[in-house]
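Just so you know, these numbers come straight off a predicted model, no measurement behind them.
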Amino acid sequence: MEVGHDYVIAIDWEEARCTPGDEPQPAMWMGLDNNSVVPADDGVVGNGESGGRVSSAQDRRNSPEPLLRGEGTFEGRMTGYTVGSLARELAQAEPHANPRNYDDPPHASTLAQESPPEGEMDEALPEGVTPQDLVEATPEDTSCAE
């Protein structure tokens with residue numbers, strides 16, 4: 001990640017790890033994997049810096065390399081759509097019975113290429129909750145204390 005660029009990141013809350021004999025690990029937010037950070041300059045998924053290289057979403061979609069296109073991934077399907085569209089898709093998503101399999105791609109009619117309206121990023125949050133509230137939230141059980 002580089003200063004001056006925007007990104008979206010897929011994160012999950014990892015519970016504290018308290019296995020006897022191992023060093024305790026406190027609970028924390030973690031990226032899902034090494035590919036969980038996606039460029040999103042100008043509010044468009046796929047625009048911006050990744051791996052030290054700045055590209056447009058269109059360049060990524062047209063890449064001859066399947067890995068750069070995000071072939072077969074949710075990221076690849078969302079490349080070129082607005083971050084607001086990504087938030088809507090995630091808000092409507094339901095857990096998959098087998099998370100190693102990908103869901104069907106979103107229907108193009110449900111995705112918008114237009115710029116998201118002001119404040120659209122907060123629409124997936126519960127009423128009265130702001131992104132800052134999430135940053136400042138401290139879950140009750142974050143350690144291995146007994």
Side-chain angles (χ1 to χ4, degrees), residues 1-19 23-143:
M1 292 176 39
E2 292 183 6
V3 173
H5 292 279
D6 295 325
Y7 303 87
V8 292
I9 181 169
I11 59 173
D12 189 28
W13 182 252
E14 293 283 330
E15 297 295 329
R17 296 184 193 155
C18 308
T19 307
E23 184 175 333
Q25 297 291 319
M28 66 182 83
W29 289 106
M30 295 287 294
L32 295 182
D33 63 21
N34 291 336
N35 299 312
S36 62
V37 177
V38 178
D41 287 354
D42 302 318
V44 176
V45 176
N47 273 354
E49 184 278 329
S50 179
R53 187 173 146 215
V54 177
S55 298
S56 71
Q58 190 63 41
D59 289 345
R60 291 180 203 289
R61 286 191 127 173
N62 293 334
S63 173
E65 297 181 41
L67 184 61
L68 291 177
R69 283 195 312 268
E71 191 170 288
T73 67
F74 181 68
E75 173 190 347
R77 291 192 304 265
M78 294 303 300
T79 296
Y81 289 98
T82 65
V83 172
S85 295
L86 171 66
R88 279 193 299 279
E89 288 296 312
L90 292 174
Q92 295 171 9
E94 294 187 21
H96 194 284
N98 180 357
R100 294 195 182 270
N101 292 334
Y102 294 107
D103 293 329
D104 291 330
H107 300 288
S109 62
T110 65
L111 299 173
Q113 291 278 4
E114 76 282 353
S115 298
E118 190 67 30
E120 182 176 309
M121 291 302 297
D122 297 337
E123 76 179 45
L125 298 174
E127 187 174 331
V129 176
T130 68
Q132 188 63 34
D133 292 336
L134 295 177
V135 170
E136 295 173 354
T138 303
E140 291 180 23
D141 182 19
T142 61
S143 69

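- Once rounded to the nearest 0.5 Å, the distance linking CE of Met1 with CD of Glu49 reads 9.0 Å.
- In this structure, the separation between CE on Met30 and CH2 on Trp13 is 11.0 Å, given to the nearest 0.5 Å.
- Here the closest non-hydrogen pair linking Gly31 and Ser36 is CA-OG, 3.5 Å.
- Between Ala40 and Val83, the shortest heavy-atom contact is CB-CG2, 3.8 Å.
- A pairwise comparison of heavy atoms in Ala57 and Val44 identifies CB-CG1, 4.1 Å as the closest pair.
- For the atom pair CE (Met78) and CG (Leu86), the distance works out to 5.0 Å, reported to the nearest 0.5 Å.
- Checked by atom type and distance alone, the side chain of Ser63 never pairs as donor or acceptor with a backbone atom of Asp59 at under 3.5 Å.
- Distance CZ/Arg60 to CG/Asn47: 8.0 Å, rounded to 0.5 Å.
- You'll find the side chain of Glu89 reaches within 4.5 Å of the side chain of Phe74, heavy atoms only.
- Between the side chain of Tyr7 and the backbone N or O of Ser50, no donor-acceptor pair lies under 3.5 Å.
- For the atom pair CG of Leu32 and CD of Glu14, the computed distance is 8.5 Å after rounding to the nearest 0.5 Å.
- In plain terms, the two heavy atoms of Glu75 and Val45 that are nearest each other are O-CG1, 4.5 Å.
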